[in-house]
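Here the structure is laid out as C-alpha cells; the discussion comes afterwards.
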Amino acid sequence: MGSAAAPVPPPAHDVGLAGILPPKVEEKKVDYLNLPCPVPFEEIQREALMSLKPEIFEGLRFDFTKGLNQKFSLSHSVFMGSMDVPSQSSDVIKVPTAHYEFGANFLDPKLMLVGRILTDGRLNARVKCDLADNLSMKINAQLTNEPHFSQGMFNFDYKGKDYRTQFQIGNNAFYGANYIQSVTPHLSLGSEVFWLGHQRKSGIGFAARYNTDKMVATAQVASTGIVALSYVQKVSEKVSLASDFMYNHMTRDVTSSFGYDYILRQCRLRGKLDSNGVVSAFLEERLNMGVNFILSAEIDHSKKDYKFGFGMTVGE
C-alpha cells in the first residue's frame with residue numbers, strides 16, 4: 001500500500017477564476033525621446049478653419065490656370081461684385097467693384113514663387129525657399145500705390161525632431177517669435193512673443209493642441225486679451241464637425257460658431273452658424289477634370305446683409 005497522500009483539489013470558488021477575470025492589458029509605454037513633430041504654431045487651428053472660415057465672396061468669380069510645364073504656370077482671375085465700405089451707422093454700404101488679376105507661379109520641391117498683380121496696381125508676392133533640410137524662409141509682400149499701405153513679412157522656420165520654431169520680421173518694426181513642443185504623442189504646447197515698434201506694443205501668448213485620429217482640440221490665450229478655443233470632431237473620413245469660442249477681454253466681445261465640412265464624391269460642402277446669427281455656406285462642385293463650380297452664400301439678418309456669389313475655376 002502506498003503511503004503518498006492523494007492531491008488535494010483546489011477550492012470550488014477558485015475553479016475557473018482565470019477564465020472569469022479579463023486578461024491584463026499591457027499599457028503601451030510612451031517613448032518621450034521619439035515624439036512626433038507638431039504642426040506649426042500658426043496652423044494649430046487649421047482643421048477648424050477649414051470648416052469655420054470658408055472663402056465667402058459676393059458676385060461673380062472666374063479663375064483660369066494654365067500650366068506651361070511641370071514647374072511654371074500662369075493664372076487669370078476676374079471678379080465682379082461689391083465691396084463693403086465702413087460706416088458709422090449700422091447699415092451696410094456696398095460699392096460695386098470689378099478687377100482682373102494676373103498671376104505667375106513657379107513650383108519646385110525646394111522653391112516656390114507666387115506673384116499676383118491687379119488692375120488697381122496692387123502686387124502680391126509669396127516666396128518659400130528651403131535653405132536647409134530643416135530650415136526654410138518665407139516672404140509675403142503686398143505693394144500698393146497708396147503710401148503707408150504696403151506690407152512685408154519675412155519668416156524663418158526651423159523644424160526639429162519634436163518641435164518647431166519661427167522668427168518673424170515685418171514692416172513697421174515688427175518682430176515676433178514662436179515655439180511649439182510635443183510633450184506627449186497627442187499633446188503639444190507652444191508660446192509666442194511679438195513687438196510692434198511703431199506702436200510701442202508688445203504681447204505674449206500661449207497655446208495648446210490635443211489631437212487624435214478622431215478629434216482636435218486647441219486653446220490659445222494672449223496678453224492682448226484674446227481667448228480662443230476650438231474643437232473638431234471627425235465623424236468619418238468625409239464628415240467633420242467644428243466649433244469655436246472667442247472672447248476679447250478689451251472689448252468684452254464674445255463670439256462662438258458651429259460649422260461642418262462634408263466631402264461627397266463630386267462636391268465639398270462647408271458652412272457655419274455663429275452666435276451673431278450669421279449663416280454661411282460654401283459649395284465646390286466638380287463638373288469635370290480640372291473644372292469646378294463654386295457657390296457662396298452668407299446671410300446676416302440683424303444687419304440685413306445678404307451675400308451671394310457664384311464662380312468657376314478651370315485648370316490644375
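Quick caveat: nothing in here was measured; it's all calculated off a predicted structure. Sequential numbering from 1 along the given sequence is applied to the chain's residues.
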Heavy atoms from other residues, nucleotides or ligands near OH of Y100 exceed 12 (cutoff 6.0 Å): yes
Side-chain ion pair, R164 and D157, N-O less than 4.0 Å: no
Pairwise side-chain contact, L295 with F308, heavy-atom cut-off 4.5 Å (strictly under): no
L118 reachable from M80 in the ILVMFWY side-chain graph, under 4.5 Å edges: no
Considering all heavy atoms, the nearest L187-T184 contact: N-OG1, 2.9 Å
Parallel, tilted or perpendicular, as decided by the 30° and 60° cut-offs, for the rings of H76 and F102: tilted
Nearest-0.5 Å distance, CZ of residue F167 to CZ of residue F154: 12.0 Å
Donor-acceptor contact below 3.5 Å, side chain K161 vs main chain L33: yes
Candidate pair S191 and Y179, rule side chain to side chain contact (heavy atoms under 4.5 Å, CB included), full reasoning: CA-CA 6 Å; S191 178; Y179 178 88; 5.8 Å; no
Distance-minimising heavy-atom pair for D130 and P109: OD2-O, 3.4 Å
Heavy atoms of other groups near E237 CD, more than 12 under 6.0 Å: no
Between CD1 on residue I299 and CG on residue L273, distance to nearest 0.5 Å: 11.0 Å
Minimum side-chain heavy-atom gap L264-L269 below 4.5 Å: no
Nearest-0.5 Å distance that lies between atom CZ in F258 and atom CG in D274: 13.0 Å
Working for side chain to side chain contact (heavy atoms under 4.5 Å, CB included), residues L189 and F206: CA-CA 8 Å; L189 303 176; F206 301 93; over 6 Å; no
Single hit among V114, L68, L74 for side-chain contact (heavy atoms from CB on, under 4.5 Å) with N105: V114
Full working for side chain to side chain contact (heavy atoms under 4.5 Å, CB included) between Q166 and F41: CA-CA 8 Å; Q166 182 184 75; F41 187 91; over 6 Å; no
Heavy-atom closest contact (S77 atom, D63 atom, distance): OG-OD1, 2.9 Å
Derivation and outcome, side chain to side chain contact (heavy atoms under 4.5 Å, CB included), residues R61 and F310: CA-CA 6 Å; R61 195 178 81 183; F310 63 96; over 6 Å; no
Under 3.5 Å: donor-acceptor pair, side chain of T119, backbone of H99: no
ILVMFWY cluster, F156 and M112 together (side-chain gap under 4.5 Å): no
Do any side-chain atoms of residues 193-201 form donor-acceptor pairs under 3.5 angstrom with protein atoms, and if so which ones, sequence neighbours left out?
residue: H198; atom: ND1; partner: N172; partner atom: OD1; Å: 3.4

Pair N171-Q151, side-chain donor/acceptor within less than 3.5 Å: no
Distance (rounded to the nearest 0.5 Å) between C129 SG and L113 CG: 8.5 Å
Heavy atoms of other groups near R126 CZ, more than 12 under 6.0 Å: no
Flag if over 12 foreign heavy atoms under 6.0 Å of NE2, H249: no
Side-chain donor or acceptor of T218 paired with backbone N/O of Q45 under 3.5 Å: no
R122/E101 ion pair, N-O < 4.0 Å: no
Carboxylate-amine/guanidinium contact E47 R209, below 4.0 Å: yes
K234 atom NZ, neighbour heavy-atom count above 12 within 6.0 Å: yes
In one Ile/Leu/Val/Met/Phe/Trp/Tyr side-chain cluster, 4.5 Å: V254, V227: yes
Over all atoms of both residues, closest heavy-atom pair of S243 and L52: C-CD1, 4.0 Å
Side-chain heavy-atom pair L35, P185 within 4.5 angstrom cut-off: yes
Cluster check L283, I263: I/L/V/M/F/W/Y, side chain < 4.5 angstrom: no
E58 side, atom CD; Y306 side, atom OH - distance, nearest 0.5 Å: 12.5 Å
Flag side-chain contact, heavy atom, 4.5 Å: L241 against V235: yes
Close side-chain approach of S296 and F282, heavy atoms under 4.5 Å: yes
For C37 against G160, the heavy-atom pair lying closest together: SG-O, 3.6 Å
Validation row: K66, F64 side chains within 4.5 angstrom (heavy atoms): yes
Shortest non-hydrogen separation from V39 to I180 and the atoms involved: O-CG2, 3.6 Å
Donor-acceptor contact below 3.5 Å, side chain Q181 vs main chain D162: yes
Side chain to side chain, E55 and E284, heavy atoms closer than 4.5 Å: no
Student check: side-chain heavy atoms of M312 and V291 closer than 4.5 Å: yes
Under 3.5 Å: donor-acceptor pair, side chain of S223, backbone of I204: yes
Same cluster (ILVMFWY, side-chain, under 4.5 Å), Y262 and M50: no
Rounded distance [0.5 Å steps], CD in E42 versus NZ in K138: 4.0 Å
Salt-bridge present (K307, D84; N to O < 4.0 Å): yes
